[in-house]
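Here's the structure we're looking at; comments come further down.
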Amino acid sequence: MDPKRHSWDLTPAGARAVQEALAPEVVTENRFGSVRHVAGVDVGFPEGRTRAAIAVLRYPDLEPVDSAQVTLDTSFPYVPGLLSFRELPAVERALEKLREKPDLILCDGQGRAHPRRMGIACHLGVRTGYATIGVAKSRLCGTFEAPGRERGCRAPLYDGRERIGTVLRTRTGVKPLFISAGHRIDLETAVDFVLRCTPRYRLPETTRAAHRLASGLQSV
DNA sequence: GCGACAG
DNA sequence: ATCTTGTCGC
């Protein structure tokens, strides 16, 4: 029984059991080739339905090259720690529609910085095989000291004595982002990519492009 | 029992 | 995330 092919029809308790079964499948080292395209994933809930949007940008110039979006009926509530069970069904279908597959995906949410080390970035990576990074706007778990005020400043995020992520200042004077490894990448490399994807704003260009499609007014 | 809690 | 206007700051 391959844990990667679990059903989405689960109770919260069942979902947590799936996370524990999948956690050992996460690849912690860098296992991806040259990065020519990076993608941003974001999910919105217009009219209560679940809309996943993916934007593929060329790397490193970050010029848009492709995008896809899918809207499905919402089938799982928001439960802290179980975000992926609410968003991934739509995200995976949007990924399949892409013409230009990305080499690396930046997810809106945590990767390993999760109670069971199975945030949405890890979950998507393990299920699809894509290399992924978790880029969250706020903390789910872990403790940290405030990083310096300048862009590039960072501080380790710990869960007890275990390093689970990095609190990163992507723009001077703005709230930091919570970066963690998803799948097939290590934390240091993940932080490096996030900085290269944030040439102008707090959030990565990938995330901004996807966000615009997911919660945008255009329904195409 | 009392907080904390990605999006 | 979503419901919503004006407002403070660079």
Side-chain angles (χ1 to χ4, degrees), chain A residues 8 12-13 15-16 18-19 22-23 26 39-55 69-92 94 105-127 132-144 149-151 155 157-160 162 164-183 187 190-191 194 200-204 206-219:
Chain A
W8 287 119
R16 292 187 188 93
V18 165
Q19 294 182 321
L22 292 178
V26 176
V41 179
D42 191 43
V43 179
F45 298 84
E47 336 263 307
R49 298 232 299 161
T50 301
R51 173 175 296 165
I54 301 178
Q69 48 187 302
V70 165
T71 302
L72 300 178
D73 287 318
T74 302
S75 58
F76 199 88
Y78 169 68
V79 179
L82 302 180
L83 180 68
S84 59
F85 294 87
R86 177 177 168 80
E87 308 192 337
L88 288 190
V91 171
E92 292 182 359
I105 300 175
L106 305 217
C107 298
D108 197 352
Q110 317 292 345
R112 300 258 296 166
H114 176 282
R116 289 169 292 283
R117 309 291 179 269
M118 192 45 60
I120 191 169
C122 295
H123 200 164
L124 177 63
V126 167
R127 283 191 45 102
T132 61
I133 297 175
V135 181
K137 296 182 290 299
S138 61
R139 182 198 73 104
L140 172 60
C141 66
T143 57
F144 66 97
R149 183 171 182 285
E150 318 294 313
R151 163 179 160 83
L157 178 63
Y158 293 106
D159 184 352
E162 181 181 357
I164 59 174
T166 293
V167 183
L168 178 70
R169 197 81 72 176
T170 54
R171 303 305 304 170
T172 297
V174 303
K175 289 177 43 175
L177 255 31
F178 294 74
I179 313 306
S180 55
H183 186 55
L187 181 58
V191 168
V194 170
R200 181 160 189 191
Y201 300 100
R202 178 194 179 219
L203 297 177
T206 43
T207 304
R208 289 169 51 78
H211 193 305
R212 196 153 43 210
L213 295 173
S215 64
L217 313 168
Q218 50 215 296
S219 66

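Residue numbering restarts at 1 for every chain, and letters A, B, ... go by the order of the sequence lines.
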Would you compute the distance between atom [atom1] of [X] and atom [atom2] of [Y] and round it to the nearest 0.5 angstrom?
X        : Y        : atom1 : atom2 : answer
A:Phe76  : A:Glu87  : CZ    : CD    : 12.0 Å
A:Cys107 : A:Leu124 : SG    : CG    : 5.0 Å
A:His114 : A:Cys141 : NE2   : SG    : 7.5 Å

Is the backbone of [Y] close enough, under 3.5 Å, to the side chain of [X] for a donor and an acceptor to pair up by distance?
X        : Y        : answer
A:Gln110 : A:Arg117 : no
A:Arg171 : A:Arg200 : yes
A:Arg51  : A:Val70  : no
A:Thr74  : A:Gly48  : yes
A:Thr170 : A:Arg202 : yes
A:Thr206 : A:Gly40  : no
A:Gln19  : A:Gly81  : yes
A:Arg151 : A:Gly173 : no

**Request:** For DNA chain B, find the residues of residues 107-115 of chain A with a heavy-atom distance under 4.0 Å and give them by number; none if there aren't any.
**Result:** A:Asp108, A:Gly109, A:Gln110, A:His114

**Asked** Are A:Arg169 and A:Glu150 ion-paired here, with the side-chain N under 4.0 Å from a carboxylate O?
**Response** no

**Message:** Whether A:Arg86 engages the ring of A:Phe45 as a cation-pi pair (distance to the six-membered ring centre under 6.0 angstrom, angle to the ring normal within 45°) should be assessed.
**Reply:** yes

**Request:** Remember a base hit wins even if backbone is also touched, and classify A:Leu82 as base, sugar-phosphate or nothing at under 4.0 Å, heavy atoms.
**Result:** base

**Asked** Is A:Gly81 touching bases, backbone alone, or none of the nucleic acid, heavy atoms closer than 4.0 Å?
**Response** base

**Item:** Outermost DNA chain B nucleotides near chain A [under 4.0 Å, heavy atoms]
**Value:** B:dA4 to B:dG7

**Message:** Could you spell out the base pairing of DNA chain B as a dot-bracket line? Use Watson-Crick and G-U wobble contacts where both distances are under 3.5 Å, [ ] for crossing pairs, | for partners on a different strand.
**Reply:** .......

**Complete:** The contact string for nucleotides 4-10 of chain C, one letter per nucleotide 5' to 3', using protein heavy atoms under 4.0 Å with B, S and - for base, sugar-phosphate only and none, comes out as -------

**Prompt:** Where are the stems of DNA chain C, defined as at least 3 consecutive Watson-Crick or wobble G-U pairs with both distances under 3.5 Å?
**Reply:** none

**Message:** Would you say that A:Val41 contacts A:Asp108 through its side chain, given a criterion of any heavy-atom pair below 4.5 Å between the two side chains?
**Reply:** no

**Fill in**
From CG of A:Leu83 across to P of C:dA1 the rounded distance in Å is 11 Å

**Complete:** Rounded to whole Å, CZ of A:Phe45 lies from C1' of C:dT2 at a distance of 10 Å

**Message:** Under the salt bridge (Lys or Arg N to Asp or Glu O under 4.0 Å) definition, can you give me all pairs with a residue in residues 39-50 of chain A, not counting sequence neighbours?
**Reply:** A:Arg49-A:Asp73

